[in-house]
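Naming: A, B, ... by sequence-line order, numbering from 1 per chain. Treat the numbers as computed from the prediction; the structure is a model and nothing was measured. Hydrogens, waters and symmetry mates play no part in the numbers below; they use all other heavy atoms, side chains included.
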2 protein chains.
Amino acid sequence: MDSGSFVRVTIDDVARAAGVSRQTVSRAMNGKGDISAATRRKVLATIEELDYRPSAFARGMRTQRAGTLALVLPDIANPFFPAVARGVFDAAAARGLAVVVHNTDADAAAEAEATRAIVDAGAAGAIGFFEALDDASLSALGRRVPLVVADRPSPDDQVASVRSDFPAGTRAAVEHLFAAGHARLGMLDGAVQNKPERRRTFLEVLTEHGHPDPAGHVVTAPPTVAGGTAGVRDLRARHPEITGVFAFNDLLAIGALRAGEGVAVVGYDDIMMAALLDPPLTTVHTDKYELGRTLVEVLGRRLDGHPPEHRVLAPRLTVR
Amino acid sequence: MDSGSFVRVTIDDVARAAGVSRQTVSRAMNGKGDISAATRRKVLATIEELDYRPSAFARGMRTQRAGTLALVLPDIANPFFPAVARGVFDAAAARGLAVVVHNTDADAAAEAEATRAIVDAGAAGAIGFFEALDDASLSALGRRVPLVVADRPSPDDQVASVRSDFPAGTRAAVEHLFAAGHARLGMLDGAVQNKPERRRTFLEVLTEHGHPDPAGHVVTAPPTVAGGTAGVRDLRARHPEITGVFAFNDLLAIGALRAGEGVAVVGYDDIMMAALLDPPLTTVHTDKYELGRTLVEVLGRRLDGHPPEHRVLAPRLTVR
DNA sequence: ATGAAAGCGCTAACAG
DNA sequence: CTGTTAGCGCTTTCAT
């Protein structure tokens with residue numbers, strides 16, 4: 001068996017073998033329309049027997065929709081995203097959806113190209129970490145495909161969203177530094193687009209504590225280890241009195257720690273590495289797997305005909 | 001523009017607008033068959049003008065092949081794979097292929113299901129880190145879809161392969177430990193299938209050095225940080241004289257380091273974390289991005305009609 | 001060099 | 001409850 005060239009088993013073969021029309025076969029396998037239980041059983045048995053697999057192309061041609069979910073993200077090699085992706089994969093598999101990944105480097109042109117590819121492929125739905133694309137384009141995508149945006153406001157009332165509560169996470173981190181006795185703080189902000197919440201909340205909390213010149217205590221750097229090292233030195237050069245630093249993400253935090261400035265650092269994300277460093281990193285934990293899982297859940301409910309939802313996941317400070 | 005419900009631009013619309021038949025449009029956009037340069041130019045201009053995008057479904061229905069590449073891997077959250085995946089994504093995008101990721105947890109049933117999904121989807125090609133699937137099934141997949149296996153021997157003369165030279169990497173690591181004065185070594189082997197080379201080479205090198213009871217100095221543990229901690233304690237309980245440990249991968253190595261046994265440890269893979277630990281981890285570096293890129297390159301040559309190739313990438317010991 | 005005809009495998013709409 | 005009819009949009013013959 002399974003030798004030589006392959007001949008496809010079609011819905012007509014099943015219909016013939018089961019002694020019914022192909023429409024009945026279609027109904028039996030898709031569970032649509034009314035069929036007698038006996039007929040359905042017989043058809044399903046025949047499908048099994050012939051090892052029939054419906055053609056995704058033919059089906060897509062009729063329905064204009066593939067059994068595919070698109071996942072748009074900036075960089076799978078950035079330690080934040082693999083955990084999210086895992087949650088997406090697991091939840092998608094549970095719904096029988098395959099996942100097409102589009103890596104964009106947070107580049108506007110790449111994100112736009114991804115939206116084009118998603119529409120062309122007739123994806124059943126899309127989940128996206130869009131960092132550079134404008135709301136209008138996102139909205140346009142949402143009109144063509146059920147869409148859930150991650151960690152970004154929905155561009156209109158048709159697009160669902162799931163986000164982590166950055167203000168809450170940031171507030172917990174900064175208050176923790178104050179509570180630990182650090183009276184003068186700095187922040188390493190990530191040089192990324194569309195992520196203003198952490199910086200904004202940092203400034204707010206500093207103002208509440210009567211900290212002098214909050215805005216002057218923020219430096220922006222690429223969200224990498226090297227960026228963190230350079231950034232913290234810059235910060236301390238300008239404000240030697242700083243003893244506590246809040247970083248936009250863990251990579252920046254790790255870089256800051258490695259700079260040898262002796263300051264206390266709190267990171268954001270809780271990537272795997274954070275717990276394994278010596279000393280380990282205190283950071284704001286976001287449940288990345290849960291984020292991925294929730295994104296698919298929200299998309300799934302949309303596919304099932306429910307209106308767009310907007311979920312907010314609560315981060316939690318992990319003191320190490 | 002772009003408001004209201006969407007009407008698809010078809011090949012017939014282009015044909016009509018350009019004043020040619022639809023075959024001519026097909027020929028112009030696919031570069032197949034003979035067309036006068038003037039006609040082609042005109043058709044291409046019309047395509048541009050109408051923003052025509054061929055239907056992937058209709059095309060797939062005729063050709064039984066999608067513009068999609070399947071990537072099968074055990075766990076995207078395992079730090080080894082995101083870097084490989086990035087290489088795959090970049091190289092695939094350069095060839096205009098979308099990537100569908102199948103996460104298997106190295107489970108035989110999941111790997112088999114992935115092969116089914118790949119065939120059903122009519123993927124243009126497949127790249128796989130198959131850990132549990134038998135050669136016969138792999139061979140069957142290779143008969144249906146151009147296939148490249150990663151870090152595993154090709155099951156037959158139709159399946160291409162790309163692998164890292166594990167024996168060379170292992171030898172470098174173990175010789176390094178001996179050269180550093182460690183006369184008694186242990187190994188933390190990963191409890192995974194189909195990856196015997198590292199253990200085998202470890203045993204070989206110990207034998208060459210006249211080390212007593214090589215096989216007795218290997219313990220097997222889950223390839224995780226926790227596995228490494230437990231494994232190294234087990235190793236030292238049985239052989240307190242061990243001062244150097246070779247680990248199947250970096251996660252095991254990190255776990256071994258954290259056990260506080262004070263032994264020298266060499267890891268394998270050089271995941272991002274390895275360089276950031278304090279002290280940093282000496283490990284066998286494999287270029288994961290390059291592996292991903294090469295997998296696509298080898299697949300691409302296969303798609304272009306070349307015979308299956310077998311590439312071996314050289315790892316290199318990174319002393320830290 | 002171009003066009004006409006045929007059909008890939010499926011499901012929505014309509015009969016019965 | 002089940003069958004018939006009619007395409008979805010494209011590429012592959014085969015003519016011309």
Looking at the side chain of [X], which of [options] is the nearest nucleotide?
X       : options                : answer
B:Ile11 : D:dC8, C:dT11, D:dC10  : D:dC10
B:Pro54 : C:dT11, D:dC10, C:dG9  : D:dC10
B:Arg59 : C:dT2, D:dC10, C:dT11  : D:dC10
A:Arg62 : C:dA12, D:dC10, C:dC14 : C:dA12
A:Thr63 : C:dT11, C:dC10, C:dA1  : C:dT11
B:Ser21 : C:dG3, D:dT11, C:dC10  : C:dG3
A:Ser55 : C:dT11, D:dG9, C:dC10  : C:dC10
A:Thr39 : C:dT2, D:dT2, C:dG9    : D:dT2

No-hydrogen, no-angle side-chain donor-acceptor test under 3.5 Å, A:Ser21 and A:Gln23:
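Absent: no donor and acceptor within the cut-off.
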Check: A:Asp107/A:Thr104 side-chain N/O donor and acceptor closer than 3.5 Å
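Checked: A:Asp107/A:Thr104 side chains show no N/O donor-acceptor pair below 3.5 Å.
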Grab the two heavy atoms, one from B:Ala66 and one from B:Ala124, that are nearest each other, plus how far apart they are.
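Nearest pair, atom of B:Ala66 first, then B:Ala124: O-CB, 3.2 Å.
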Distance-minimising heavy-atom pair for B:Arg311 and B:Glu297
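Of all heavy-atom pairs spanning B:Arg311 and B:Glu297, the closest is NH2-OE2, 3.1 Å.
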Quickly work out the [X] [atom1] to [N] [atom2] distance and round it to whole Å.
X       : N      : atom1 : atom2 : answer
B:Arg53 : D:dC10 : CZ    : C1'   : 16 Å
B:Lys32 : C:dT2  : NZ    : P     : 18 Å
B:Asp34 : C:dT2  : CG    : C1'   : 10 Å

Indicate yes or no: does B:Lys195 engage B:Glu131 in a salt bridge with an N to O separation below 4.0 Å.
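Counted as a salt bridge, because a side-chain N and a carboxylate O are separated by less than 4.0 Å.
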Return no unless some side-chain N or O of A:Ser36 is found under 4.0 Å from OP1 or OP2 of D:dT2.
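Checking D:dT2 against A:Ser36, a side-chain N or O does come within under 4.0 Å of OP1 or OP2.
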When you measure from the side-chain N and O atoms of B:Ser26 to the phosphate of D:dT11, is any distance below 4.0 Å, counting only OP1 and OP2?
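Looking at the OP1 and OP2 atoms of D:dT11, one of them is under 4.0 Å from a side-chain N or O of B:Ser26.
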When the nearest nucleotide of DNA chain C is assigned to B:Thr24 and to A:Arg22 on a heavy-atom basis, which residue is associated with the more 5' position?
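Closer to the 5' end of DNA chain C: B:Thr24.
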So, does the side chain of B:Arg27 form a donor-acceptor pair with the base of C:dG3 at under 3.5 Å?
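Under the 3.5 Å cut-off, the side chain and the base do form a donor-acceptor pair.
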Mind checking if B:Arg8 touches a base, just sugar-phosphate, or nothing, with heavy atoms under 4.0 Å?
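B:Arg8: backbone/sugar contact only, no base atoms under 4.0 Å.
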